[in-house]
Amino acid sequence: MITLIKNIQELLQVRETSIAKVSGAEMAVLPTIKNAFLILKNDLIEDFGSMENLPEIKADKTIDATGKVILPTWCDSHTHIVYAGNREQEFVDRINGLSYEEIANRGGGILNSAKKLNESTEEEIYEQSKQRLEEVMHLGTGAVEIKSGYGLTVDGELKMLRVIKKLAENYPITIKSTFLGAHAFPAHFKEDKKGYIDQIINEMLPEISKNNLADYIDVFCESGYFSVEETEQIMEAGIAFGLKPKIHVNQFNSIGGVQAGVKFNALSVDHLEIMAPQDIEALKNSETMPVALPSCSYFLSIPYTPAREMIKSGLPLALASDFNPGSTPSGNMNFVVSTACIKMKMTPEEAINAATINGAYAMGLSETHGSITKGKKANFIVTKPISSYYQIPYAFGSNLIESVFLEGKII
Ligand code: NIG
Ligand code: FE
């Protein structure tokens with residue numbers, strides 16, 4: 001099946017050859033072709049270029065994209081979209097003055113979601129999660145990482161990972177799965193942290209590995225959650241089972257999580273709201289992708305990742321949603337890109353690079369996703385007619401998406 005899309009006002013993120021990521025000053029460069037064509041063959045990108053060079057082809061389907069912009073679908077490398085119920089009461093509690101930390105200390109927060117998850121059946125969790133997945137697909141996300149971490153029991157964690165696997169089997173969106181058993185200590189292990197870590201390492205990990213349920217291992221490295229030492233121990237155990245680390249660090253405090261991630265060659269270190277100079281230094285000359293989650297900063301009213309400082313230091317940066325019931329009940333990557341421009345002072349080019357090719361890198365998907373490149377997945381967004389791609393971050397409350405193609409088909 002050959003599909004030709006012609007007269008595209010502007011085709012964004014075109015890369016002749018597959019690149020892994022963009023860093024520092026390169027992030028400001030977003031290669032585009034004006035008045036372009038795009039040819040798909042089945043689920044892959046076959047060819048693209050300027051309309052002047054459109055080859056003679058026999059297309060099974062031709063689409064006219066006059067006035068419309070086409071860009072690769074968003075690569076959302078950090079989400080927790082498999083969960084049960086919601087935490088809207090905590091949202092109101094925060095409006096009334098409680099902090100995220102105070103709510104967690106009262107048994108709310110992650111433990112509240114864990115209680116709901118363990119009380120729900122696998123089918124109920126699947127039904128709720130698939131609605132969120134369908135929503136983000138229609139908002140232009142074409143690859144997503146999903147974490148466990150609301151089970152905090154052997155059964156609960158495995159249940160979550162099975163739901164992620166089932167979503168991956170049933171939807172055309174590419175899904176990567178991360179085991180986050182080390183998201184919080186369950187209440188009955190509060191005085192026996194070693195006991196819970198032993199359970200993660202000796203009971204959860206072997207079962208996950210045996211059933212091939214995860215690609216990555218995550219730990220919430222933060223004061224009051226997992227220490228740097230505990231994080232290293234869990235990363236090491238995950239690596240022994242073939243899981244590369246992708247970890248939560250520096251959300252509220254800089255305690256050495258970035259350095260631990262780099263030391264264990266983590267694929268990404270995520271959150272980074274609080275960055276000390278030594279954290280930026282540690283990321284230089286590493287293969288670890290820093291990931292910012294601006295809609296989490298927005299929702300919790302906490303600082304934004306210092307993107308300008310990091311890019312100026314030559315680092316790459318990816319953007320992800322963090323979609324979860326507690327700190328970011330939204331998976332809208334258009335809003336993430338917009339918020340990165342408005343609040344983190346990223347240019348539209350930097351933000352689009354961060355949410356496509358760098359997001360793909362943070363999921364190990366740079367070779368198949370994140371750019372318009374021959375042979376990559378035909379995953380892209382077709383906008384409504386717009387004046388220029390600046391509209392995407394500028395018109396922050398509007399849905400500018402006309403259609404989303406995943407694996408060569410409109411969803
Ligand atoms: O990435 N920080 C840790 N985990 C999630 C939030 C978890 C929750 O509150 O449910 C995050 O923000
Ligand atoms: Fe998170």
Side-chain angles (χ1 to χ4, degrees), residues 3-14 30-40 43 45 48-51 54 59-76 131-144 171-173 294-295 298 319-321 323 330-342 346-357 359-360 369-373 376-411:
T3 307
L4 165 67
I5 307 179
K6 61 180 191 179
N7 301 325
I8 304 162
Q9 184 198 111
E10 195 161 4
L11 181 62
L12 310 188
Q13 190 61 301
V14 291
L30 182 71
T32 76
I33 302 174
K34 288 192 170 150
N35 193 24
F37 72 85
L38 179 62
I39 298 171
L40 327 177
D43 59 332
I45 296 170
F48 61 88
S50 160
M51 278 302 285
L54 178 64
D60 300 295
K61 190 176 173 190
T62 300
I63 297 167
D64 190 326
T66 300
K68 300 168 190 174
V69 166
I70 291 186
L71 68 156
T73 46
W74 307 123
C75 294
D76 188 354
Q131 287 182 25
R132 297 179 200 116
L133 188 70
E134 287 172 13
E135 184 193 3
V136 301
M137 286 164 58
H138 286 99
L139 289 167
T141 298
V144 66
Y171 285 90
I173 183 170
S295 39
Y298 174 82
L319 289 167
S321 73
F323 195 172
S330 161
N332 187 342
M333 284 295 286
N334 308 282
F335 179 77
V336 168
V337 165
S338 196
T339 307
C341 293
I342 297 164
M346 292 175 76
T347 64
E349 292 78 13
E350 287 171 335
I352 293 171
N353 272 320
T356 55
I357 190 66
H369 293 72
S371 66
I372 303 294
T373 302
K376 280 199 178 185
K377 284 247 184 244
N379 283 10
F380 53 89
I381 296 168
V382 182
T383 70
K384 295 171 185 167
I386 53 177
S387 50
S388 85
Y389 66 80
Y390 286 179
Q391 282 284 325
I392 297 168
Y394 169 79
F396 70 91
S398 303
N399 185 352
L400 302 177
I401 296 177
E402 185 180 88
S403 56
V404 177
F405 281 72
L406 293 183
E407 305 197 323
K409 293 197 191 88
I410 295 185
I411 59 161

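In what follows, every heavy atom counts, from backbone to side chain, and hydrogens, waters and symmetry copies are set aside. Keep in mind that this is a model prediction, so the values were computed, not measured.
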So do the side chains of Ile70 and Phe48 get within less than 4.5 Å of each other, counting heavy atoms only? no

Residue pair Trp74 / Thr356, side-chain heavy-atom distance below 4.5 Å: yes

So, for Cys75 and Met333, which heavy atoms are closest and what is the spacing to 0.1 Å? O-CE, 4.2 Å

Between Ile411 and His138, is any pair of side-chain heavy atoms under 4.5 Å apart? yes

Say you draw a straight line from CD1 of Ile381 to CD1 of Ile392; how long is it, rounded to the nearest 0.5 Å? 7.0 Å

How far apart are the closest heavy atoms of Leu11 and Ala36, and which atoms are they? CB-CB, 3.8 Å

Decide yes or no for Asn35 and Asn7: does some side-chain heavy atom of the first lie under 4.5 Å from some side-chain heavy atom of the second? yes

Determine whether Phe405 and Ile63 make a side-chain contact, defined as any pair of heavy atoms from C-beta on separated by less than 4.5 Å. yes

Could you tell me if the side chain of Leu30 sits less than 4.5 Å from the side chain of Leu12, heavy atoms only? yes

Nearest heavy atoms of Ala354 and Met346, plus distance in Å: CB-CE, 3.9 Å

Donor-acceptor pair between Ser371 and Lys376 side chains, under 3.5 angstrom: yes

What are the two closest heavy atoms between Ala351 and Ala340, and how far apart are they? CB-CB, 4.4 Å

Can you name the one residue among Asn353, Thr32, Thr373 that meets side-chain hydrogen bond (donor to acceptor under 3.5 Å, both in side chains) with Gln13? Asn353

Quick one: closest heavy-atom pair of Asn379 and Gly142, and the distance? ND2-O, 3.4 Å

Give a yes or no answer on whether the side chain of Ser330 reaches the backbone of Asn332 with a donor-acceptor pair at less than 3.5 Å. yes

Answer yes or no: is there a side-chain heavy-atom contact under 4.5 Å between Val404 and Met137? no

Within 6.0 Å of NZ in Lys409, more than 12 heavy atoms from elsewhere: no

For the CD1 atom of Ile33 and the CE atom of Met51, what is their distance to the nearest 0.5 Å? 12.0 Å

Heavy-atom neighbours of Tyr298 OH exceed 12 at 6.0 Å: no

Begin from the C-alpha positions of Phe323 and Val144 and carry the test side chain to side chain contact (heavy atoms under 4.5 Å, CB included) through to its verdict. CA-CA 11 Å; Phe323 195 172; Val144 66; over 6 Å; no

Let me confirm one number: the CD-OG1 distance from Glu407 to Thr73, rounded to the nearest 0.5 Å. 10.0 Å

Side chain to side chain contact (heavy atoms under 4.5 Å, CB included) between Gln391 and Phe396: does it pass, once the steps are laid out? CA-CA 8 Å; Gln391 282 284 325; Phe396 70 91; over 6 Å; no

Could you list the residues that satisfy salt bridge (charged side-chain N to carboxylate O under 4.0 Å, His left out) with Asp64, not counting sequence neighbours? none

Pairing residues for Lys68 by the salt bridge (charged side-chain N to carboxylate O under 4.0 Å, His left out) criterion, not counting sequence neighbours: Glu402

I need the Leu319 CG to Ser295 OG distance, nearest 0.5 Å. 9.0 Å

Here the pair of heavy atoms bringing Ile45 nearest to Ile372 is CD1-CA, 3.9 Å

Between NZ on residue Lys34 and OG on residue Ser388, distance to nearest 0.5 Å: 8.5 Å

Is it the case that the side chain of Asn334 and the backbone of Leu139 share a donor-acceptor pair, with hydrogens and angles ignored and the cut-off at 3.5 Å? yes

To the nearest 0.5 Å, what is the distance between CD1 on Ile8 and OG on Ser50? 10.5 Å

Pairwise side-chain contact, Leu400 with Val69, heavy-atom cut-off 4.5 Å (strictly under): no

Using the test side-chain contact (heavy atoms from CB on, under 4.5 Å), find all partners of Thr339 that sit at least two apart in sequence or belong to another chain. Pro294, Tyr304, Phe335, Lys343

Go through Tyr389 and Leu71 one step at a time and tell me if the side chain to side chain contact (heavy atoms under 4.5 Å, CB included) criterion holds. CA-CA 9 Å; Tyr389 66 80; Leu71 68 156; over 6 Å; no

